[in-house]
Student: 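Quick one: structure below, then a few questions.
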Amino acid sequence: MRRDETLADYLKQQGISRRGFLKFCAATASMMALPLGATEAIAKALSLAKRPSVIWLSFQECTGCTESLTRSSRPTLESLILDAISLDYHHTLQAASGSAAEEAREYAMQQNKGEYILIVDGSIPVKDDGIYSTIAGITNLQMLKDTAQHAAAIVSVGSCAAFGGIPHANPNPTGAVPVMDIIKDKPIINVPGCPPIPVVITGVLSHYLTYGTIPELDTLKRPLAFFGDTIHDRCYRRPFYDQGKFAKTFDDEGARKGWCLYELGCKGPTTHNACATAKWNGGTSFPIESGHPCLGCSEPDFWDAGGFYQPISTADFDVNKLATTAVVAGAAAGAAFGLYNRHKKSSAEHQHHKTSTDELKE
Amino acid sequence: MSTPLQLAVNAMKEQIDAPIASFFSSCVHCGLCADACLFYTETCDPKYTPIHKLDLMRSVWSREYTLWGKVLKLLGLNRAITDDDLSKWQELVYDSCTLCGRCSMVCPVGNDIVYMIRKMREAMVVSGHAPEGLKDATVRALETGSPMGVSLTTLEAQIKHAEKESGLSVPMDKQGADYLMLLSSAEIAQFHEIIPAVTRIFHEADVSWTLCSEAFEGTNSGIQIGSSDLAAELLERIVSGAEKLGVKYVISPECGHAYTALRWEGPNLIGRPYSFKVIHILELLDELRQTGRLKTEGMDEMRMTFHDPCQLVRRGGVIEEPRQLLNMVATDFVEMKDYGKWNWCCGGGGGVSANEAAESLRLKVFERKKKQLDEIKVERIVTACSNCRNMLEDGLDENNMDIEVIGLTEMLAEKLTSQKSATSAGDN
Amino acid sequence: MSAIELLSWARGPALQFSVAVFIVGILIRVLEIWILGRKKDLSEPKAAGFSAGMRTIFTRSLPPPGMLKYLISGYIFHIGFFVVLFFFVPHILFFKDVLGFAWFGLPNGLIDGITILSLASLLYTLSIRLSDPVRRMLSNFNDYFAWTVTFLPLLTGYLAFHRHITDYTLMLAIHILTVNLLLISFPFTKLTHAVTLFASRWYNGAIAGRKGVKV
């Protein structure tokens, strides 16, 4: 369906006659025990029904999330775009470009005021008034605010939009922030992951399209349906963890036998995502299954959470360096205080009071 | 002009050293020291917990010598000790502590609590918070040479008795003798059998020895009251006497703290090493036994045990000697369950026996010794300290226990083989 | 702040601060003790004090005759705590990261059981501290606080591992925060004994050993 196509147009295209359509409406009305005249109302409403408008804004991103979406199989991207939604603006997928593309966006916003879904991928730089990422001369910051104003809901796809992602990593030179840090007055669904699993993206969209409601979210606004469990909770290598069988290097016996990757830095225990169950590439595999520890990419600041190959139980900084400094500082301070005490003791000794026999007689 | 409180605090500041700082830092309030102290076990009064007796010193240490303590001081969370505290603690530092040292042996973190009590007493003396009885004894010791007021005249009278009894002469002020024998006032006044005993033993063993008219007293009230100044003064008399006579050894008598004073604290009190060695009478006797110079005949068949004086055994290091010696003359020797370095105090050491205010407490805690003795049912207790002897006799009397108490040297002398002929007085 | 952000903070800046305070604080305490010094002993020794002191450092861990009953819960707690700290695999990985070498770990089930034993012994010793007249008289804020900051890491570690109470990430963050609290508390409480007891035992053993007494 084209964006301005109605259902009636669409059905005609598919070869369903007006007569057939009315028959369907009558059957529906009688099934729902609706009164006479309902058939006509249903027909009228349905024939005017349009696909929901979706505007996709790409900010400071790598396009990985779009790439992931293109690998979606249930539903496929094509059926999603062509059948279920009206994708009115998307840098990578749209045909238009330049001012024509921007006009399309503005038109869609106007036509579907209050009803369109805004999808965002990429983080938003805010430093120096957001000059570090602009589209058509408009900063991402401004574009987000403008577009979000009349959106029904916002879906932040990918860890960049959800949590700031890689641009947000130390030292964050562009002042990158997630969508939820800027937009406070609209419902936001975070779909993190670097990138998110294809079926998770489409699954969330499908939920909204079907029920018109936001799915149940966790404290980080992630849908519980996909982000309710940790990788560790569903990992097929969990028995090895419990048995204490760990791969210690990437090609040792443990690694080849498929043992737990905790010692190689797996962040599975603290990462919420559906990788262990839904997996990737239509359920083929996921990082751990391929022998690589989970990076924790669906959690905030995963890039700054210590090294990818540092187990969770290690310190997030160079302990030895700190310890050396502390030892030097402590020794200096201790020596100073110690010598001061020694001096105090000497003074006390100088003020020694020699007891005399007479004193005992007092 | 400093107040007594200021003097006490200053004394504590002087006395606190690295070991004490380490001890207070390590104490975890486990309370095990109480379970090792007879003053707690026999009264069940928690105030007698050994480490608690040092709480005033701990407070001074914290406020004066620790960074955190100073911070708390500034914040008003670490109050200073008062004169009232000192008065309250007098009973804890003196009446209920014999410096026996059991607590120091059980502390899991290794605190030597006796070490600290000894130093705490310095602060108590200097601020006038020592017990009356102990003060009097110390004054007597300083002014007359004996804490009991035993004079040279009394000693000379006892010497006459000894010479008559043994048929041997007792050397006095013999220049160049090898050994200078010291005595305790309690021996001279009460257990004077020691004099003929050593006279005979030394005669048989060919030991060159002497007494000293200027320094016959081995005990040191200064150590018990806890004043290093006064203890040094008393000790100097012995040192000067020994140096004058040019002896090689000074013999510490059958007395607990005399050994501590002379052998261990002495050189530190006077600030210089001795020109002579110090040996305990039992150590000498055991040497004589080992070299075959001490011969005995006949055995005592009485069921007996040995009460180790605290200052000799765990605070002194004289542990095996009495047993080796007893084996020479006893057939039915049995150890108490806690014996040797684990023995329980008689309750009278560390100045407690001179402290009238502590008498009822002392007799109460004798219960511990009673329990020890009841377990083994002996007829005789052998010991090597006249104070222990008195305390044991006191306690046994109080509890209607019919057990004999005797000194080890005396017992050995009874069984001494007389091979050499007695020479008339004056010939040695 | 989300749980994962709290965790990053706990094992990052918070742990940095705690380790620094721990090291600096302990060093100050140790040097404050050591530099006070002690007078040289002029009496003639019967035996070497140094080696006697070293011996006492070890032998003082043994129970004095008849006193095992007072010490059992202490043994269970201390041994348990050390076993859990040094032989639980995730902990070993922490040390491996710092020291550069590792050692064998114990099965999680065993560590689990030992944790429970340690927690139980801590609860028992607290009950004694509250009920026994000597311990109650001796105890102050310092003692109860030290008990708490020791109890919490064991408890939260157990809860985190078993994922009983809440989200693992949050519980793990809390566990690491309690460890930070323990580290920070060290120099200011009786927990310093973990370091200074070596000196105390040595002094005790040396003083007695010099006199020929084995303590």
Side-chain angles (χ1 to χ4, degrees), chain B residues 16-36 40 44-49 51-52 65-68 101-102 104-112 115 263-268 270-274 277-278 313-319 337-338 341-342, chain C residues 25 28-30 32-44 46-47 56-57 60-61 64-67 70-71 74 125 128-129 132-140 142-143 146 187-188 190-193 195-205 207-208 210-215:
Chain B
I16 293 169
D17 56 4
I20 292 185
S22 179
F23 298 151
F24 284 133
S25 295
S26 308
C27 176
V28 293
H29 287 161
C30 74
L32 206 68
C33 53
D35 297 314
Y40 171 70
C44 291
D45 192 337
K47 72 181 177 190
Y48 295 132
T49 302
I51 197 65
H52 179 63
Y65 290 131
T66 70
L67 177 60
W68 185 235
R102 268 184 130 258
S104 301
M105 293 202 358
V106 307
C107 174
V109 295
N111 289 351
D112 189 343
Y115 183 89
R263 178 67 176 89
W264 299 117
E265 284 215 32
N268 299 311
I270 62 176
R272 63 189 191 280
Y274 296 148
K277 286 191 190 299
V278 176
V313 65
R314 58 181 156 267
R315 305 303 288 183
V318 179
I319 310 174
K337 189 158 136 250
D338 292 323
K341 69 186 182 202
W342 288 109
Chain C
I28 290 178
R29 287 211 76 155
V30 167
E32 270 182 338
I33 291 170
W34 197 31
I35 295 181
L36 271 177
R38 65 169 173 155
K39 287 210 178 79
K40 189 167 144 65
D41 195 333
L42 300 170
S43 67
E44 210 189 301
K46 275 193 194 174
T56 301
I57 288 177
R60 196 48 77 99
S61 288
M67 294 190 130
Y70 299 111
L71 294 169
T125 53
I128 296 293
R129 192 169 279 291
D132 178 274
V134 169
R135 281 84 187 164
R136 197 169 56 225
M137 184 271 304
L138 286 172
S139 301
N140 52 27
N142 192 327
D143 298 294
F188 302 99
K190 70 180 190 186
L191 291 171
T192 351
H193 81 273
V195 175
T196 58
L197 78 87
F198 293 99
S200 296
R201 286 182 177 186
W202 185 85
Y203 282 127
N204 194 320
I207 290 169
R210 207 170 180 283
K211 298 177 187 172
V213 186
K214 289 200 176 85
V215 294

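Only a predicted model underlies this, so the values are computations on that prediction, with no experimental measurement involved. Within every chain, numbering begins at 1; the chains are lettered A, B, ... in the order of the sequence lines, protein sequences first and strands thereafter.
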Student: Considering only heavy atoms and a distance below 4.5 Å, find which of B:Val109, B:Asp338, B:Asn111 pairs most often with chain C.
Tutor: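 Top count of heavy-atom pairs under 4.5 Å with chain C: B:Val109.
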Student: Considering the options C:Val195, C:Val30, C:Ile33, C:Leu197, which one meets the side chain to side chain contact (heavy atoms under 4.5 Å, CB included) requirement together with B:Ser25?
Tutor: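 Exactly one candidate clears the test, C:Ile33.
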Student: Would you say that more than 12 heavy atoms from the other residues, nucleotides or ligands in this model lie under 6.0 Å from the CH2 of C:Trp34, or not?
Tutor: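 It does not: C:Trp34 CH2 has 12 such atoms or fewer within range.
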Student: Would you call B:His29 and C:Arg135 a side-chain contact if the rule is heavy atoms closer than 4.5 Å?
Tutor: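 Counting from C-beta outward, B:His29 and C:Arg135 never come under 4.5 Å.
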Student: Are any non-hydrogen side-chain atoms of B:Ile319 and C:Lys214 less than 4.5 angstrom apart?
Tutor: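 B:Ile319 does not reach C:Lys214 side chain to side chain.
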Student: Side chain, backbone, both or neither: which part of B:Tyr115 has a non-hydrogen atom closer than 4.5 Å to chain C?
Tutor: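 Side chain only.
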Student: Does any backbone or side-chain atom of B:Tyr274 lie under 4.5 Å from a heavy atom of chain C? Answer side chain, backbone, both or neither.
Tutor: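 For B:Tyr274, there is no contact with chain C at all, as no heavy atom is under 4.5 Å.
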Student: Check whether any side-chain heavy atom of B:His52 lies under 4.5 Å from a side-chain heavy atom of C:Leu138, and answer yes or no.
Tutor: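 Counting from C-beta outward, B:His52 and C:Leu138 do come under 4.5 Å.
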Student: Regarding B:Ser26 and C:Ser200, do their side chains bring together a donor and an acceptor under 3.5 Å, going by distance alone?
Tutor: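 Side-chain D/A pair, B:Ser26 to C:Ser200: present.
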Student: Looking at residues at least two apart in the chain, or sitting in another chain, which of them share a salt bridge (Lys or Arg N to Asp or Glu O under 4.0 Å) with C:Arg60?
Tutor: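 By the salt bridge (Lys or Arg N to Asp or Glu O under 4.0 Å) rule, C:Arg60 matches no residue at all.
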Student: Between B:Val318, B:Leu67, B:Asn268, which shows the greatest number of heavy-atom pairs under 4.5 Å with chain C?
Tutor: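 Most heavy-atom pairs within the cutoff with chain C belong to B:Asn268.
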Student: Any non-hydrogen side-chain atom of B:Trp264 less than 4.5 Å from a side-chain atom of C:Arg210?
Tutor: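 Touching, per the 4.5 Å side-chain cut-off.
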Student: For the SG atom of B:Cys27 and the CG atom of C:Asn142, what is their distance to the nearest 0.5 Å?
Tutor: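 Reported value, rounded in 0.5 Å steps: 9.5 Å.
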Student: Can you tell me which of C:Lys39, C:Arg136, C:Glu32 forms the most heavy-atom pairs within a distance under 4.5 Å of chain B?
Tutor: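 It is C:Glu32.
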Student: Could you tell me if the side chain of B:Ser22 sits less than 4.5 Å from the side chain of C:Tyr203, heavy atoms only?
Tutor: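 Side chain of C:Tyr203 against side chain of B:Ser22, heavy atoms only: contact under 4.5 Å found.
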Student: Considering only heavy atoms, which portion of C:Lys46 lies under 4.5 Å from any heavy atom of chain B: side chain, backbone, both, or neither?
Tutor: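 Both parts, heavy atoms under 4.5 Å.
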Student: Which one wins on heavy-atom pair count under 4.5 Å against chain B: C:Trp202, C:Tyr70, C:Phe198?
Tutor: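 Result: the option with the highest number of such pairs is C:Tyr70.
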Student: So for B:Ile270, is it side chain, backbone, both, or neither that comes closer than 4.5 Å to the heavy atoms of chain C?
Tutor: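 Looking at B:Ile270, nothing touches chain C.
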Student: In the structure I gave you, are the side-chain heavy atoms of B:Arg314 and C:Val215 within less than 4.5 Å of one another anywhere?
Tutor: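 No, every pair of side-chain atoms sits at 4.5 Å or beyond.
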Student: Tell me, out of B:Asp112, B:Val313, B:Asp35, B:Asp17, who's got the most heavy-atom pairs with chain C below 4.5 Å.
Tutor: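 Ranked by contacts with chain C, first place is B:Asp35.
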Student: Out of C:Gly25, C:Gly212, C:Gly37, C:Ala199, which one racks up the most heavy-atom pairs below 4.5 Å with chain B?
Tutor: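 Sorted descending by pairs with chain B, the first entry is C:Gly37.
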Student: Do B:Thr49 and C:Met137 have side chains that get closer than 4.5 Å, going by heavy atoms?
Tutor: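 Yes, at least one pair of side-chain atoms sits under 4.5 Å.
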Student: For C:Ile35, is it the side chain, the backbone, both or neither that has a heavy atom under 4.5 Å from a heavy atom of chain B?
Tutor: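 It is neither, since no heavy atom gets under 4.5 Å.
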Student: Answer yes when B:Arg263 and C:Asp41 have at least one side-chain N-carboxylate O distance shorter than 4.0 Å, and no when they do not.
Tutor: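 No, this pair does not count.
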Student: Please tell me if the side chains of B:Val106 and C:Met67 come closer than 4.5 Å, counting only heavy atoms from C-beta onward.
Tutor: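 Contact flag for B:Val106/C:Met67 side chains = yes.
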Student: Can you tell which of B:Cys107, B:Gly316, B:Pro273, B:Pro19 has the highest number of heavy-atom pairs within less than 4.5 Å of chain C?
Tutor: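 Heavy-atom pair counts peak at B:Pro19.
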Student: Report the distance from atom CE of B:Met105 to atom OG1 of C:Thr56, rounding to the nearest 0.5 Å.
Tutor: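 Going from the CE atom of B:Met105 to the OG1 atom of C:Thr56 covers 10.5 Å.
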